[in-house]
Every structure is written in C-alpha cells, then in structure tokens.
Amino acid sequence: MFAFDWRPETTRYNYLLAVVQLGKFVVASGGVDDAEDPAAVSRADVDSFQAWMIETRSASTALDKHKCLQQFFQWMAEDEQAVECSPGQRR
C-alpha cells in the first residue's frame, strides 16, 4: 500500500493512526463532510488539528503526529499524485 512498507509495523500503524485522527478531527470540527478525500484537507485543518493535539496531548505526541502527517501527505503528493502538495507545505 504505502511506499514506506519497509518500515516497522509500529511506524506504519502510527502513520495511519495520525491520518485517521486528522480525518475524525476535521469531520468533527465541521471542516469537510467527508474526510476520506485527502485533497479536501486544508492547511487550516492541519493547523487546527496540530493546535488541538498540543492542547490535549503531550508536546512529543503532537510532534509525532506532525511528522506522521508530513510523511503521509508527502507520499500522497509524490508517489500517489493524489494531492498537489501537502496541506502543511507552503505553496
């Protein structure tokens, strides 16, 4: 599935968990109706999710989620070409 299939199972799990958490956060906050489309996720959605993670989790957990989402959206942009660029990336 992912180009990073060579990574340990726990790493892949953490990447997917971050994406699922972002999707649930976006839907719950009213950002989009269907968070299954990565192209529908905006930079504001990611920024709000990160702010929420910092408020509700430890700083290290928030940083881990940030890194996981960077990798996911980089993969979506470069390997899958499903998004123009990562929502966290400056255009």
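Count residues from 1 along the sequence. These values consider heavy atoms only, across backbone and side chains, with no hydrogens, waters or symmetry-generated copies. Everything numeric in this text was worked out from a predicted model, so none of it was measured.
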Atom CG of Asn14 and atom CD of Gln21: how far apart are they, to the nearest 0.5 Å?
-> 9.0 Å
All side chain to side chain donor-acceptor pair (under 3.5 Å) counterparts of Ser48, not counting sequence neighbours = none
Mind listing the closest non-hydrogen atom pair of Leu22 and Leu69 along with its distance?
-> CD2-CD2, 3.9 Å
Might you point out which heavy atoms bring Val46 and Val41 nearest each other, and give the distance in Å?
-> CG2-CG1, 3.9 Å
Under a 4.5 Å cut-off applied to non-hydrogen side-chain atoms, are Gln70 and Gln74 in contact?
-> no
Is Tyr13 isolated, or which residues cluster with it under the ILVMFWY side-chain rule of less than 4.5 Å, directly or via members?
-> Leu17
Are Phe49 and Phe25 close enough that their ring centers fall under 6.0 Å?
-> yes
State the CE-CG distance between Met53 and Asp64, to the nearest 0.5 angstrom.
-> 8.5 Å
Supply the atom-to-atom distance Thr10 OG1 to Tyr15 OH, rounded to the nearest 0.5 angstrom.
-> 10.0 Å
Who passes side chain to side chain donor-acceptor pair (under 3.5 Å) against Thr56, sequence neighbours left out?
-> none
Do the side chains of Ile54 and Val26 join up, straight or via other hydrophobic residues, at under 4.5 Å, putting them in one cluster?
-> no
With sequence neighbours left out, the residues meeting side-chain contact (heavy atoms from CB on, under 4.5 Å) with Ser58 are Ser60, Thr61
Sorted by chain and number, sequence neighbours left out, side chain to side chain donor-acceptor pair (under 3.5 Å) with Gln50 holds for none
